[in-house]
Amino acid sequence: MLYSEKVMDHFKNPRNVGKIEDADGVGEVGNAKCGDIMKIYLKIEDGIIVDCKFNTFGCGSAIATSSMATEMIKGKKVEEALELSNKAVVEALDGLPPAKIHCSVLAEEAVKAAIKDYYDKNGIEYDKTMFCDGDCCHCHAHDNEE
């Protein structure tokens, strides 16, 4: 499998690795079947994601997509971060092998799960159709995006 230089860079030098102890939102997604588990932590001030960290157990592509996704949402408004798509993550990494696209889907879902957690903790109303309920990894909402 050939990986782009950006994928290799984010795998070898992942950005934003770690945990935020007093995170405003935490999202964990994963699936024993695909073997990747991602946890994303968000620190939010005045509707802006001021910090985000991740812990990912999985392959190089899972680590690279987690790293890139956190880079893409840091400094953004929560609403903007919600628009992050797995396609945008793949494009930012200059592509992923077809067998690894599910890693980008997980990254998108982990960001959304963390935002949903933030909304739930703060009693913020939201459109429930924007979020996957349950164990997603290949959520049907994304099946046609691959």
Checklist entry - Does the side chain of Ile48 come within less than 4.5 Å of Lys76's, by heavy atoms? => result no
Item to check | Test item: Leu42 and Ile20 side chains (from C-beta on) under 4.5 Å apart, heavy atoms | outcome: no
Checklist entry - Among side-chain atoms of Asp120 and Tyr126, is any donor-acceptor pair under 3.5 angstrom? => result yes
Checklist entry - Any donor-acceptor pair under 3.5 Å linking the side chain of Thr65 with the backbone of Ala107? => result no
Next on the checklist: Could you check whether any side-chain heavy atom of Met130 comes within less than 4.5 Å of a side-chain heavy atom of Ile115, counting everything from C-beta outward?
Outcome noted: no
Checklist entry - Do Glu5 and Asp94 come close enough that some side-chain heavy atom pair is under 4.5 Å? => result no
Checklist entry - Quick one: side-chain hydrogen bond (donor to acceptor under 3.5 Å, both in side chains) partners of Asp46, sequence neighbours excluded? => result none
Checklist entry - Is the backbone N or O of Tyr118 less than 3.5 Å from a side-chain atom of Asn122, with the two atoms forming a donor-acceptor pair by type? => result yes
Checklist entry - In chain order, what residues pass the side-chain hydrogen bond (donor to acceptor under 3.5 Å, both in side chains) check against Glu71, with sequence neighbours excluded? => result Asn16
Item to check | Results of ring-ring contact (aromatic ring centres under 6.0 Å, His included) for Phe11 - residues two or more places apart only | outcome: none
Checklist entry - Less than 4.5 Å apart, any side-chain heavy atom of Lys112 and any of Leu84? => result no
Item to check | Asp117 side-chain N/O to Val26 backbone N/O, donor-acceptor pair under 3.5 Å | outcome: yes
